[in-house]
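To start, the structure itself, in structure tokens.
Below, all heavy atoms of this structure are taken into account, side chains as well, without hydrogens, waters or symmetry copies. Note that ligands are numbered from 1 as they come in the structure, with each ligand's atoms numbered from 1 the same way.
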Amino acid sequence: MYLPSFSLQGRTAIVTGAGRGIGRAIAVGLAEAGCDVALVSRTSADLEETAELIRSCTKAQTYIIPADITSKEEIAHVFAKVTRDAGNLDILVNNAGMNIRTPALEVTEDQWDTIVQTNLKSAFMASQQAGQYMKEHGGGRIINISSVGGHVALRTGVVYGSTKAALIQMTKILALEWGQYDIRVNSVGPWYFRTPLTEKLLSDEQYMKEIVDRTPLRRIGQLEEVVGPVIFLASDASNYVTGQTLLVDGGMSIYGF
Ligand SMILES: NC(=O)c1ccc[n+]([C@@H]2O[C@H](COP(=O)([O-])OP(=O)(O)OC[C@H]3O[C@@H](n4cnc5c(N)ncnc54)[C@H](OP(=O)(O)O)[C@@H]3O)[C@@H](O)[C@H]2O)c1
């Protein structure tokens, strides 16, 4: 009688960066939990593959919406299309992101602008669209995919880490402002997961050993292990949780030496 509902039946979500990696896993997981899912990235063929995966294991409706989320106009188009075609919007997952690992003294202005626009500004612009709609329609849930790199200092990650730390702070401030509308805003901060973003890095045996040595659970994450926390934060099971960042890091962030 105390088991809360983790079901997302009847809900609609937008997942940015749903074409591969963590975003694809989240989109499929949300669909498995009963949610209809709008899939957003710049590459239609990737989105088609994600939609095909969803169709192969669920009855969820998918909406394929190719868009560059660094463009305010394209973000507005995504929201207009989802709210028109699906008729509702309950969940936004700001997952699209990028990294260019560079020592701080070598970071160019162009790199700074590109990473900040992709990881931070786009998440804010999308949250603003979602916040407006959710305020007018009785609430919703926003989940920002941040990173352990926004919580602890990682070498060559000055731009990426700064955007992810800002995303964690943005999560708190939006939660504070929008709690009164029953809009919950939370963040999930992964450590290393094998995706196209990290593939090259994780194929370096020495680097992989350093990661594993620093991780109490002695391994990198499996994609489904980031999906469960997202479903928790999207569902009624977390109705009294807002403004939080759940680090999904095998304990890495508690490492004190
Ligand atoms: N993998 C990890 O270990 C790890 C750890 C911590 C945090 N994260 C975070 O998790 C998120 C997903 O990472 P990932 O590893 O799955 O990355 P990934 O494999 O590189 O996938 C990134 C996704 O974002 C999309 N994307 C990038 N820029 C975009 C833009 N301007 N407009 C629309 N879509 C865009 C990409 O599609 P297109 O390029 O086709 O547009 C792709 O679908 C990121 O925010 C990342 O920082 C990942």
Side-chain angles (χ1 to χ4, degrees), residues 14-29 37-51 53 64-79 92-101 113-127 143-152 154 157 159-168 170-171 187-204 207-208 211-212 214-215 219-227 229-230 245-250 252-253:
I14 294 175
V15 181
T16 69
R20 51 180 196 255
I22 288 175
R24 170 176 284 174
I26 290 171
V28 176
V37 194
L39 310 168
V40 180
S41 85
R42 292 166 299 189
T43 312
S44 302
D46 288 351
L47 300 179
E48 294 284 355
E49 271 184 40
T50 303
L53 266 173
I64 293 174
I65 314 180
D68 182 342
I69 47 117
T70 61
S71 153
K72 193 178 167 191
E73 290 71 31
E74 293 194 29
I75 291 174
H77 164 73
V78 169
F79 280 81
L92 167 66
V93 183
N94 283 313
N95 163 80
M98 62 170 296
N99 191 11
I100 307 170
R101 289 159 48 90
D113 289 344
T114 305
I115 300 172
V116 170
Q117 272 214 322
T118 307
N119 293 3
L120 181 61
K121 186 177 169 192
S122 67
F124 177 70
M125 302 314 292
S127 297
I143 298 155
N144 297 316
I145 305 304
S146 57
S147 171
V148 170
H151 184 75
V152 304
L154 299 175
V159 192
Y160 181 82
S162 300
T163 63
K164 296 297 187 176
L167 203 53
I168 290 169
M170 189 185 95
T171 298
S187 153
V188 167
W191 180 223
Y192 274 107
F193 288 74
R194 194 179 291 280
T195 70
L197 181 72
T198 55
E199 186 60 53
K200 189 157 167 264
L201 206 56
L202 296 179
S203 60
D204 177 337
Y207 193 76
M208 181 65 126
I211 291 169
V212 169
R214 287 286 305 265
T215 307
R219 60 178 177 83
I220 61 168
Q222 306 283 339
L223 285 176
E224 65 271 20
E225 292 168 331
V226 81
V227 174
V230 171
T245 291
L246 179 47
L247 296 178
V248 183
D249 67 351
M252 184 276 175
S253 56

| said: Could you walk me through whether Arg219 and Glu225 satisfy the salt bridge (charged side-chain N to carboxylate O under 4.0 Å, His left out) test, starting with their C-alpha distance in whole Å, then the side-chain angles of each, then the deciding distance to 0.1 Å, before giving a yes or no? | reply: CA-CA 12 Å; Arg219 60 178 177 83; Glu225 292 168 331; 2.8 Å; yes
shortest atom 37 (O) of ligand 1-to-protein heavy-atom contact is with Ser41 CB, 3.5 Å
Among the heavy atoms of Arg194, does any lie under 4.0 Å from an atom of ligand 1?
no
Q.
If you measure every N or O of Val148 against every N or O of ligand 1, does any of those distances drop under 3.5 Å?
A. no
Practice task
Go through the steps to decide whether Tyr207 and Ile211 satisfy the test side-chain contact (heavy atoms from CB on, under 4.5 Å), and finish with yes or no.
Solution key: CA-CA 6 Å; Tyr207 193 76; Ile211 291 169; 3.3 Å; yes
Polar contacts were defined as any N/O atom of the residue lying under 3.5 Å from an N/O atom of the ligand; does this apply to Ser147 and ligand 1?
no
Is a side-chain donor or acceptor of Arg24 paired with a backbone partner of Asp46 at a separation under 3.5 angstrom? yes
With heavy atoms and a 4.0 Å threshold, my read on which part of Ile69 contacts ligand 1 is both
Per-atom filter on ligand 1: closer than 4.0 angstrom to a heavy atom of Ser146 are 7 (C), 9 (C)
**Q.** N or O contact, Tyr192 vs ligand 1, cut-off under 3.5 Å
**A.** no
among protein heavy atoms, the one nearest atom 26 (N) of ligand 1 is Ala96 CB, 3.8 Å
### Donor-acceptor pair, side chain of Asn95 and main chain of Gly17, under 3.5 angstrom
yes
The atoms of ligand 1 lying under 4.0 Å from a heavy atom of Thr198, numbered in the order shown, are 1 (N), 2 (C), 3 (O)
Problem set entry | Backbone of Ser146 reached by a side-chain donor or acceptor of Asn144 within 3.5 Å | no
Exercise. Could you tell me if any non-hydrogen atom of Ala67 lies under 4.0 Å from any atom of ligand 1?
Key: yes
- prompt: Can an N or O of Thr70 be found at a distance shorter than 3.5 Å from an N or O of ligand 1?
  reply: no
- Heavy-atom side-chain contact between His151 and Leu247 under 4.5 Å: yes
Residue, atom and distance of the protein heavy atom nearest atom 25 (C) of ligand 1 read Gly17 CA, 3.5 Å
Ranked by distance from atom 46 (C) of ligand 1, the top protein heavy atom is Tyr160 OH, 3.5 Å
Practice item. Decide whether the shortest distance between a heavy atom of Ala25 and an atom of ligand 1 is less than 4.0 Å. Key: no
- Would you say ligand 1 has an N or O under 3.5 Å from any N or O of Met98? no
Contacts satisfying salt bridge (charged side-chain N to carboxylate O under 4.0 Å, His left out) that involve residues 115-127 (not counting sequence neighbours) are none
So the atoms of ligand 1 within less than 4.0 Å of a heavy atom of Pro190 turn out to be 5 (C), 6 (C), 7 (C)
Ranked by distance from atom 39 (O) of ligand 1, the top protein heavy atom is Arg42 NH2, 2.9 Å
among protein heavy atoms, the one nearest atom 21 (O) of ligand 1 is Arg20 NE, 3.4 Å
- Query: Is there a donor-acceptor pair closer than 3.5 Å between any side-chain N or O of Thr50 and the backbone N or O of Ala18?
  - Reply: yes
Original post:
Quick one: does Gly21 get an N or O within less than 3.5 Å of an N or O on ligand 1?
Top reply: no
In short, Gly189 meets Val148 closest at the heavy-atom pair O-CG2, 3.8 Å
When every non-hydrogen atom of Tyr192 is compared with those of Leu202, the smallest separation belongs to CD2-CD2, 4.0 Å
Exactly one candidate in Val188, Leu246, Val248 meets side-chain contact (heavy atoms from CB on, under 4.5 Å) with Val230; the answer is Val188
What do the steps show when you test Arg20 against Thr195 for side-chain contact (heavy atoms from CB on, under 4.5 Å), and what is the final call?
CA-CA 8 Å; Arg20 51 180 196 255; Thr195 70; over 6 Å; no
Here the pair of heavy atoms bringing Leu223 nearest to Ala25 is CB-CB, 4.0 Å
Contact region, Lys164 to ligand 1, non-hydrogen atoms below 4.0 Å, reads side chain
Note: ligand 1 atoms sitting under 4.0 Å from heavy atoms of Phe193 are 1 (N), 2 (C), 3 (O)
of all protein heavy atoms, closest to atom 12 (C) of ligand 1 is Asn95 OD1, 3.2 Å
**Prompt:** Within the structure, does Thr43 bring an N/O atom to less than 3.5 angstrom of an N/O atom in ligand 1?
**Reply:** yes
Atom 48 (C) of ligand 1 sits nearest the protein heavy atom Ile22 CD1, 3.5 Å
So for Ser122 against ligand 1, with non-hydrogen atoms under 4.0 Å, the contacting part is neither
Examine distances only and state if a side-chain atom of Ser71 and a backbone atom of Glu74 form a donor-acceptor pair shorter than 3.5 Å. yes
Has ligand 1 got any nitrogen or oxygen that is less than 3.5 angstrom from a nitrogen or oxygen of Thr195?
yes
Q.
Donor-acceptor pair, distance only, cut-off 3.5 Å: does the side chain of Arg42 make one with the backbone of Ala67?
A. no
Below 3.5 Å, can you tabulate the donor-acceptor pairs from side chains in residues 161-168 to any protein atom, sequence neighbours excluded?
| residue | atom | partner | partner atom | Å |
| --- | --- | --- | --- | --- |
| Ser162 | OG | Val158 | O | 2.5 |
| Thr163 | OG1 | Asn119 | ND2 | 3.3 |
| Thr163 | OG1 | Tyr160 | O | 2.6 |
| Lys164 | NZ | Ile145 | O | 3.0 |

The atoms of ligand 1 lying under 4.0 Å from a heavy atom of Asp68, numbered in the order shown, are 30 (C), 31 (N), 32 (N)
